Chemist: 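Could you have a look at this structure, given as structure tokens, before my questions?
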There are 2 protein chains.
Amino acid sequence: MDIQLKRGLLDVCVLAAIKNEDSYGYKIIKDMKPYIEMSESTLYTILKRLELAGMLTVRTSEHDGRLRKYYHITNAGLGRIQDFKNEWREVMCIYQFVTKEDK
Amino acid sequence: MDIQLKRGLLDVCVLAAIKNEDSYGYKIIKDMKPYIEMSESTLYTILKRLELAGMLTVRTSEHDGRLRKYYHITNAGLGRIQDFKNEWREVMCIYQFVTKEDK
DNA sequence: TGATATACATCGTATCACGAAGTATTGTTG
DNA sequence: CAACAATACTTCGTGATACGATGTATATCA
């Protein structure tokens, strides 16, 4: 998928991936794989960015002697998803503009 | 509109704006304004990029004593629009993933 | 005369996705 | 047991790119 097109989707995809239950990096990548692929470096960068922006909170917890960082969405994060939904109307107008056939 | 979301749309919007008839910078911005806004510096950068990529050709012509650069879409440019259309299926899947409500 | 519209160009900056590489631990399998 | 894959997270450098600021011209109009 076109990398530029991804840019507008990745952040909100990550938020969607933790919307229903807290999750951690490795799992997020696997859960999103059927929809959109991203490298680990990309994901962890995004998670840090979203944390800084207050869209999610982090909690470190041990699992099988290994540390895992669980991410939890905040109200701001849910709001971000809502904003995305609202903006989608504009996006669809643009899509129409680009793909409309002309006689 | 979110700048990251725009990134995936601008190139193909510009191509769409010259799809039916050759156009020039200033007019392209005005034609696209109802759908998507962009600064002049952005537009001219994009036009140069698309030309380099063989998606359009340029012809300079005088109009009222002033030079205008007319842009004409190539087959590669039309192909780019088609690719965008094809990719849109994936985009809609992602949209569903992000916005689906969960019981 | 001064503002506004038309028309294009250049430069520096900030954002961001990615590959490469690294660190650790836990299976798994030959 | 040795080698490798899977799990889990981190850091660094790079390239792409949208934008604001700024500059250059000419035409029109009040």
Side-chain angles (χ1 to χ4, degrees), chain A residues 1-15 17-18 22-33 35-53 55-56 58-71 80 84 87 90-91 94, chain B residues 1-15 17-18 22-33 35-53 55-56 58-71 80 84 87 90-91 94:
Chain A
M1 171 162 192
D2 176 55
I3 187 175
Q4 302 306 324
L5 214 42
K6 281 171 96 166
R7 285 176 104 102
L9 305 170
L10 282 178
D11 273 37
V12 90
C13 271
V14 170
L15 289 172
I18 61 168
D22 297 357
S23 188
Y24 54 95
Y26 213 75
K27 183 164 189 295
I28 293 170
I29 288 181
K30 286 209 297 183
D31 288 345
M32 293 186 15
K33 199 149 204 155
Y35 304 98
I36 193 167
E37 293 194 43
M38 61 195 315
S39 70
E40 294 177 52
S41 58
T42 299
L43 201 237
Y44 290 110
T45 304
I46 290 175
L47 287 168
K48 207 161 284 172
R49 185 163 71 231
L50 291 174
E51 188 195 357
L52 265 169
M55 307 264 176
L56 49 78
V58 193
R59 140 180 76 86
T60 302
S61 133
E62 197 168 319
H63 179 85
D64 287 340
R66 203 184 326 216
L67 287 182
R68 264 189 196 162
K69 293 177 92 169
Y70 281 90
Y71 298 90
R80 174 73 181 84
F84 174 79
E87 256 191 340
E90 273 179 75
V91 172
I94 294 165
Chain B
M1 172 163 192
D2 177 53
I3 186 176
Q4 301 307 322
L5 215 40
K6 281 170 95 164
R7 286 176 103 101
L9 303 170
L10 282 179
D11 273 36
V12 90
C13 271
V14 171
L15 288 172
I18 61 167
D22 297 358
S23 189
Y24 54 95
Y26 213 76
K27 183 165 190 294
I28 292 170
I29 287 180
K30 286 210 297 183
D31 289 345
M32 291 184 20
K33 198 151 205 158
Y35 304 100
I36 193 167
E37 292 193 43
M38 62 196 313
S39 71
E40 293 177 53
S41 58
T42 300
L43 202 236
Y44 290 109
T45 304
I46 290 175
L47 286 168
K48 207 162 284 174
R49 184 162 71 232
L50 290 174
E51 188 195 356
L52 265 169
M55 307 263 178
L56 49 78
V58 194
R59 140 180 75 87
T60 303
S61 130
E62 199 169 317
H63 180 84
D64 287 338
R66 202 185 329 212
L67 287 182
R68 262 190 197 161
K69 293 176 92 171
Y70 281 91
Y71 298 90
R80 174 74 181 79
F84 175 79
E87 257 190 340
E90 273 179 74
V91 172
I94 294 165

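Given the structure is predicted, the values throughout are model-derived calculations rather than measurements. Order of the sequence lines fixes the chain letters, A, B, ..., with proteins taken first and strands second; residue numbering starts at 1 for each chain.
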Chemist: I'd like to check the ring-ring contact (aromatic ring centres under 6.0 Å, His included) partners of B:Tyr44; sequence neighbours left out, ordered by chain and number.
Modeler: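 Expected list: none.
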Chemist: With A:Lys27, which residues qualify under salt bridge (charged side-chain N to carboxylate O under 4.0 Å, His left out), at least two apart?
Modeler: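 Partners of A:Lys27 by the salt bridge (charged side-chain N to carboxylate O under 4.0 Å, His left out) criterion, ordered by chain and then number, come out as A:Asp31.
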Chemist: Apply salt bridge (charged side-chain N to carboxylate O under 4.0 Å, His left out) to B:Arg49 and list each qualifying residue two or more places apart in sequence or on a separate chain.
Modeler: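 B:Arg49 satisfies salt bridge (charged side-chain N to carboxylate O under 4.0 Å, His left out) with B:Asp11 once adjacent residues are dropped.
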Chemist: Spell out protein contact along nucleotides 13-23 of chain C as letters: B when the base is contacted, S when just the sugar-phosphate is, - when no protein heavy atom is under 4.0 Å; keep the 5' to 3' order.
Modeler: --BBSBBB---
Chemist: The criterion is ring-ring contact (aromatic ring centres under 6.0 Å, His included); which residues satisfy it with A:Tyr24, sequence neighbours excluded?
Modeler: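 ring-ring contact (aromatic ring centres under 6.0 Å, His included) check on A:Tyr24 returns A:Tyr70.
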Chemist: Let me know the distance between NZ of B:Lys69 and P of C:dC8, rounded to the nearest Å.
Modeler: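 These atoms are roughly 8 Å apart.
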Chemist: Quick one: is A:Tyr44 getting a side-chain N or O under 4.0 Å of the D:dC9 phosphate, OP1 or OP2?
Modeler: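 Indeed, a polar side-chain atom of A:Tyr44 lies that close.
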Chemist: Using a 4.0 Å heavy-atom cut-off across all strands, classify A:Lys27 as base, sugar-phosphate, or nothing.
Modeler: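 No contact.
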Chemist: Pull out every protein N or O sitting under 3.5 Å from an N or O of nucleotides 27-30 of chain D, one pair per line with the distance.
Modeler:
unit_1: D:dA27; atom_1: O4'; unit_2: B:Arg66; atom_2: NH2; d: 3.3

Chemist: Check salt bridge (charged side-chain N to carboxylate O under 4.0 Å, His left out) between A:Asp22 and all other residues, then give those that pass, not counting sequence neighbours.
Modeler: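 Salt bridge (charged side-chain N to carboxylate O under 4.0 Å, His left out) list for A:Asp22, sorted by chain: A:Arg59.
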Chemist: In whole Å, what is the span from the CD atom of A:Glu51 to the P atom of D:dC9?
Modeler: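 Between P of D:dC9 and CD of A:Glu51: 13 Å.
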Chemist: Could you work out, with side-chain hydrogen bond (donor to acceptor under 3.5 Å, both in side chains) as the rule, every residue matching A:Ser39, not counting sequence neighbours?
Modeler: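 A:Ser39: side-chain hydrogen bond (donor to acceptor under 3.5 Å, both in side chains) contacts with A:Ser41, A:Thr42.
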Chemist: How many whole angstroms separate atom CE of B:Met1 from atom P of D:dC19?
Modeler: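 Atom-to-atom, B:Met1 to D:dC19, this comes out as 11 Å.
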Chemist: State whether B:Tyr26 places a side-chain N or O below 4.0 Å from either non-bridging phosphate oxygen (OP1 or OP2) of C:dT6.
Modeler: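 Answer yes for this pair, as a side-chain N or O of B:Tyr26 is under 4.0 Å from OP1 or OP2.
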Chemist: Checking A:Leu67 now: which residues fulfil side chain to side chain contact (heavy atoms under 4.5 Å, CB included) with it, not counting sequence neighbours?
Modeler: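 Only A:Thr60, A:Glu62 meet the side chain to side chain contact (heavy atoms under 4.5 Å, CB included) criterion with A:Leu67.
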